[in-house]
Amino acid sequence: MNASAPTTVRTRFAPSPSGHLHVGGARTALYCWAYAKARGGSFILRIEDTDQKRSSHAASLGFLEDLRWLGIDWDEGPEFEDCGGGEFGPYFCSKRLDIYHSYIDKLLSEGKAYRAFETPEELQKARKEARANKQNYRYDRAALNLDQATIDKYLAQGKPNVVRFKLPNDQPVTIEDKVRGSVTVDPQELDDFVILKADGFPTYHFAVVVDDELMNISDVIRGQEHLNNTAKHVLIQDALSFKHPNFAHISLIFNPDGSKMSKRDKDKALRKVVKERNIIDSPCDVVNEDWSWWLESKDHQLDIEKATALAETLDVALPEINVDDFRRAGYLPEVLINYLALLGWSPGNDVEKFDREFLVENFSFDRVIKSPAKFDRDKLLAFNLDAIQALSTDEFVKLWRDHCNCYHKEFMDKLSDEQFEMLAAANHPRAKTLDDTFKSSYFFIANDDEIVYEKTKAVRKALCNGEPSGFEHLTALEPLLSQINDWDIQNIKSVVEEYAGQNAAGKLGKVAQPLRIAVSGGPVSPAIFETLTILGRDTVINRIKLCLKVQSDMLSNSNA
RNA sequence: GACCCCAUCGUCUAGUCAGGUCCAGGACAUCAGGUUUUCAUCCUGAAGACAGGGGUUCGAAUCCCCUUGGGGUCGCCA
């Protein structure tokens with residue numbers, strides 16, 4: 001190849017569809033995408049479903065949705081909305097079996113690979129023994145010494161077998177990594193690893209090398225956990241006379257406690273609770289049929305719906321690790337993108353807030369941080385708050401409505417369009433996420449008899465203390481509000497403000513807070529005039545009366 | 001355990017490659033004041049780090065070595 005010839009940049013993200021897209025994967029995809037975009041290249045999505053036991057079609061669909069939601073589009077790959085397609089498919093490994101087999105055959109016929117007949121159990125045992133003896137386990141190459149007659153006999157018997165790659169020599173393998181520089185792996189650290197499983201599927205190591213070559217991938221960008229594996233990949237590439245792509249291994253994302261943030265964290269959290277509480281039988285119908293299978297091995301993971309159902313039954317909060325978790329929690333995709341990009345990369349000059357375009361224009365591997373980063377939810381939340389506050393009211397209302405449609409349908413059902421719009425707008429200034437205001441807005445859709453007056457310090461203070469007290473203000477306000485014919489924010493405001501001017505020395509808070517509690521049951525709501533307007537006169541009057549009814553109860557407990 | 005990677009405030013980082021302008025800058029979190037009709041915001045200020053030890057150098061956060069600490073890998077998972 002001519003050294004000066006421009007090489008087309010082609011990057012790929014190759015997840016295994018065994019769950020939802022988690023934030024680490026999302027960041028890898030983001031870097032792949034930005035790097036390709038900036039250089040006029042292509043970003044390819046490939047589904048690495050080489051594990052039949054763990055792959056599911058639904059999971060791979062979830063990945064596509066998550067990626068699209070983040071605004072990461074792919075030029076080639078599974079077709080979804082306006083993304084995907086391409087000439088280098090199929091983009092599912094499970095549909096490329098013939099291709100892998102032809103290369104396996106090639107290696108086999110050239111003596112660069114060989115069949116082995118040990119069972120997984122035998123290997124497991126050998127590994128255990130090696131560890132017990134404080135030895136590093138390496139496959140002993142027993143199968144390499146099998147004579148052809150024996151092999152033929154086993155094959156004729158249909159004995160399960162795998163294909164192993166034969167390490168060519170003892171030359172150290174050096175990897176040039178764009179993040180880490182040059183890394184050398186001693187071949188003593190490797191052994192004749194499996195490249196074709198007994199079920200006829202290739203292992204990841206083999207599939208990834210073949211696919212990257214055939215799909216013309218120029219830059220392999222992936223998590224640091226693959227750094228050691230890369231030596232294997234280079235060896236396979238050499239054996240097959242493939243070229244070496246550029247490598248870039250980015251560091252991992254940690255949980256706040258310093259452990260690796262992993263797609264298995266939810267599963268781990270559930271197992272911990274089950275163990276702690278000594279739960280023997282399935283506590284939740286949804287998981288009944290998977291229960292014993294799940295308990296059997298840490299490799300067996302419940303799918304996300306079942307895990308969520310189990311978590312609900314057990315009343316445990318699952319850690320937020322998936323892109324979809326943050327979507328539900330009301331984070332804006334552009335904020336997640338921004339934050340994720342910053343977690344492992346920095347544009348310098350104290351720049352922190354930026355959009356996708358800026359990322360594409362400025363992203364480069366020489367500014368990728370080598371050390372792992374902890375995922376800091378507080379900072380993400382602060383970013384989200386800033387972004388939400390920077391939205392126009394119209395934009396916020398639209399997003400709030402979309403979110404509501406997906407996750408809080410009851411608000412759409414119970415409020416009129418006008419009420420809904422007003423509530424959304426009233427919630428804008430106090431929203432940190434698209435989701436957090438729903439919880440404190442429940443009283444808007446509750447029936448009057450559902451309102452429970454909290455007997456907390458803040459409530460008592462607002463209702464019982466002062467001269468006149470909050471209850472006294474409410475008593476006086478009730479007839480005044482009843483007389484308002486046009487129940488709009490202006491009229492409510494002038495009545496309440498005039499009252500406060502005459503009876504609370506102009507201190508609106510003295511009057512607003514009792515009203516707030518009367519209509520909501522607690523001390524938290526959107527701005528008071530908006531709140532009263534949305535609720536409507538009848539509801540407001542009715543709830544003030546209800547509140548006044550608990551007066552004696554509240555007062556009698558006030559010194560307790 | 002072996003191998004690989006990494007190391008600046010509690011956290012994310014700027015500064016490191018081209019050593020002096022850094023008694024180390026920003027952001028989040030924290031704390032103290034202030035604004036505000038609640039919650040949330042918002043404003044002002046404070047505290048807070050070059051893991052340790054050796055070198056090299058006139059000079060080291062920056063270069064080298066060791067130690068320590070953290071992480072990853074060691075699967076018929078990816």
Side-chain angles (χ1 to χ4, degrees), chain A residues 14-18 48-51 53-55 116 118-120 123-124 127 130-131 133-138 160-164 177 179-180 183-186 188-191 193-199 201-205 207-208 222-229 231 249 251-252 254 256 258-260 263 299 339 342-353 366 369-383 385 389 427 429-432 436-437 440 458 462 496-497 500 507-513 515-517 520 522-529 531:
Chain A
S16 69
S18 53
E48 209 86 21
D49 54 351
T50 51
D51 185 350
K53 291 188 284 293
R54 259 177 282 206
S55 298
E118 292 84 357
T119 65
L123 295 170
Q124 182 70 10
R127 275 190 203 99
R131 180 150 285 205
N133 296 329
K134 299 196 170 182
Q135 299 275 307
N136 274 338
Y137 174 78
R138 294 180 88 204
N161 66 90
V162 300
V163 175
R164 284 181 183 270
D177 190 273
V179 174
R180 297 179 196 271
V183 177
T184 301
V185 177
D186 194 296
Q188 294 298 314
E189 300 305 319
L190 304 174
D191 68 354
F193 53 94
V194 173
I195 54 178
L196 188 74
K197 305 183 231 180
D199 65 2
F201 274 62
T203 58
Y204 165 77
H205 303 302
V208 79
R222 70 212 334 177
Q224 198 216 248
E225 71 266 31
H226 288 298
L227 187 55
N228 285 298
N229 292 331
H249 287 93
S251 53
L252 303 173
F254 288 172
S259 62
K260 175 189 167 190
K263 55 188 172 188
D299 281 343
Y339 180 71
L342 211 50
L343 206 63
W345 175 79
S346 160
N349 294 111
D350 294 335
V351 175
E352 289 204 309
K353 303 278 181 69
D366 48 24
I369 288 108
K370 294 175 173 183
S371 46
K374 288 179 188 166
F375 194 91
D376 181 359
R377 275 149 230 255
D378 285 336
K379 187 155 181 169
L380 208 215
L381 186 63
F383 273 35
L385 171 132
Q389 294 311 318
N427 271 325
R430 54 200 294 273
K432 288 183 170 184
D436 59 356
T437 46
S440 59
V496 175
E497 278 181 345
K507 287 185 177 165
L508 189 58
K510 293 283 176 207
V511 180
Q513 201 57 357
L515 277 171
R516 185 181 326 274
I517 292 163
S520 74
V524 175
S525 89
I528 191 64
F529 300 123
T531 299

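Naming convention: chains lettered A, B, ... in sequence-line order (proteins, then strands); numbering from 1 in each chain. Here the structure is a predicted model, which is why all the values come from computation and not from measurement.
Shown here are the side chain to side chain donor-acceptor pair (under 3.5 Å) partners of A/Glu118, two or more places apart in sequence or in another chain: A/Tyr139. Legend: residues meeting salt bridge (Lys or Arg N to Asp or Glu O under 4.0 Å) with A/Asp51, ordered by chain and number and at least two apart, are A/Arg54. Under the side chain to side chain contact (heavy atoms under 4.5 Å, CB included) criterion, A/Lys379 pairs with A/Tyr339, A/Glu352, A/Asp376, A/Phe383, not counting sequence neighbours. Here A/Lys353 pairs with A/Asp386 under the side chain to side chain donor-acceptor pair (under 3.5 Å) rule; sequence neighbours left out. Checked against side chain to side chain contact (heavy atoms under 4.5 Å, CB included), A/Asn229 has the following partners two or more places apart in sequence or in another chain: A/His205, A/His226, A/Lys232, A/His233. Considering only residues two or more places apart in sequence or on other chains, A/Phe529 meets the ring pair (Phe, Tyr, Trp, His ring centres under 6.0 Å) condition with none of them. Legend: residues meeting side chain to side chain donor-acceptor pair (under 3.5 Å) with A/Asp177, ordered by chain and number and at least two apart, are A/His249. For A/Phe201, there are no ring pair (Phe, Tyr, Trp, His ring centres under 6.0 Å) partners two or more places apart in sequence or in a different chain. Remark: A/Asn133 engages no residue in a side chain to side chain donor-acceptor pair (under 3.5 Å) (not counting sequence neighbours).
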Is there a side chain to side chain contact (heavy atoms under 4.5 Å, CB included) between A/Ser525 and A/Gln513 once you walk through the steps? CA-CA 10 Å; A/Ser525 89; A/Gln513 201 57 357; over 6 Å; no

B/S/- contact track for nucleotides 14-26 of chain B, protein heavy atom under 4.0 Å: SS---------BB

Classify every nucleotide of nucleotides 46-53 of chain B by which part a protein heavy atom approaches to under 4.0 Å, writing B for the base, S for the sugar-phosphate alone and - for neither, in 5'-to-3' order. --------

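Of the P atoms belonging to B/A40 and B/C31, the separation is 13 Å, rounded to the nearest Å. The P atoms of B/G72 and B/G54 are separated by 32 Å, rounded to the nearest whole Å. B/U8 and B/U44 are spaced 27 Å apart, taking the C1' atom of each and rounding to whole Å. If you take atom C1' in B/A78 and the same atom in B/G15, they sit 37 Å apart, rounded to whole Å. Nucleotides B/G10 and B/A51 place their C1' atoms 15 Å apart, quoted to the nearest Å. Comparing the P positions of B/C4 and B/A29 gives an interatomic distance of 41 Å, to the nearest angstrom. Annotation: B/A49 and B/G26 have their P atoms spaced 14 Å apart (nearest Å). Taking the P atoms as reference points, B/C74 lies 31 Å from B/C63, given to the whole Å.
Counting any heavy atom pair closer than 4.0 Å across all strands shown, A/Val162 reaches a base atom. Nucleic acid contact for A/Gly522: none, since no nucleic acid atom lies under 4.0 Å from a heavy atom of the residue. A/Pro526 comes within contact range of at least one nucleobase, with a heavy-atom separation under 4.0 Å. Among the protein residues, A/Ser371 comes within range of the sugar-phosphate backbone only, with heavy atoms under 4.0 Å from sugar or phosphate atoms but none that close to a base. Counting non-hydrogen atoms under 4.0 angstrom, A/Asp51 reaches the backbone sugars and phosphates but no base. Across all strands shown, A/Arg138 has no heavy atoms under 4.0 Å from either base or sugar-phosphate atoms. Among the atoms of the strands shown, none is found under 4.0 Å from any heavy atom of A/Ser251. Note on A/Ala373: only backbone sugar-phosphate atoms sit closer than 4.0 angstrom, heavy atoms only; bases stay farther off. A/Thr119 comes within contact range of at least one nucleobase, with a heavy-atom separation under 4.0 Å. Within 4.0 Å of A/Lys507, counting heavy atoms only, lies no atom of the nucleic acid at all. If you check every strand for non-hydrogen atoms under 4.0 Å, A/Gln188 touches nothing.
Counting heavy atoms of neighbouring residues, nucleotides and ligands inside a 6.0 Å radius, atom NZ of A/Lys510 does not exceed 12 of them.
One can find a donor-acceptor pair under 3.5 Å joining the base of B/U37 and the side-chain atoms of A/Arg516. Between the side chain of A/Arg180 and the base of B/C5, no donor-acceptor pair of N or O atoms lies under 3.5 Å.
Distance, A/Phe529 CZ to B/U38 P: 12 Å, rounded to whole Å. Regarding A/Ile195, its CD1 atom lies at a distance of 12 Å from the C1' atom of B/C76, rounded to whole Å. Taking atom CZ on A/Phe201 and atom C1' on B/C76, their separation rounds to 13 Å, with Å as the unit. For the pair A/Phe193 CZ and B/C74 P, the computed distance is 13 Å after rounding to whole Å. Counting to the nearest Å, the P atom of B/A29 and the CZ atom of A/Phe383 are 10 Å from each other. Distance CG (A/Leu385) to P (B/A27): 16 Å, rounded to an integer number of Å. Remark: P of B/U41 and CZ of A/Arg430 are 11 Å apart, rounded to the nearest angstrom. For the pair A/Asp378 CG and B/U30 C1', the computed distance is 10 Å after rounding to whole Å.
The partner of B/A7, taking Watson-Crick or G-U wobble pairs whose two distances both stay under 3.5 Å, is B/U68. When both pairing distances are held under 3.5 Å, B/A18 makes no Watson-Crick or G-U pair with any nucleotide shown. The partner of B/C74, taking Watson-Crick or G-U wobble pairs whose two distances both stay under 3.5 Å, is B/G1. Base pairing annotation: B/C23 forms no Watson-Crick or G-U wobble pair, as no partner gives both donor-acceptor distances under 3.5 Å.
Not one side-chain nitrogen or oxygen of A/Arg131 sits closer than 4.0 Å to the OP1 or OP2 atom of B/G1. Note on A/Lys197: a side-chain N or O is less than 4.0 Å away from OP1 or OP2 of B/A78.
Between A/Tyr137 and A/Ala527, it is A/Ala527 whose nearest contact on RNA chain B lies nearer the 5' terminus. Positionally, the nearest nucleotide of RNA chain B for A/Lys370 lies more toward the 5' end than for the other of A/Pro15 and A/Lys370.
The shortest distance between side-chain heavy atoms of A/Val496 and A/Val511 falls below 4.5 Å. No side-chain heavy atom of A/Asp49 sits under 4.5 Å from any side-chain heavy atom of A/Ser16.
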Dump every N/O contact between nucleotides 68-73 of chain B and the protein below 3.5 Å, one line per pair.
| residue | atom | partner | partner atom | Å |
| --- | --- | --- | --- | --- |
| B/G72 | N2 | A/Asn228 | ND2 | 3.1 |

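Distances were taken from every side-chain heavy atom of A/Ile528 (C-beta onward) to each of B/U37, B/C3, B/C76; the shortest belongs to B/U37.
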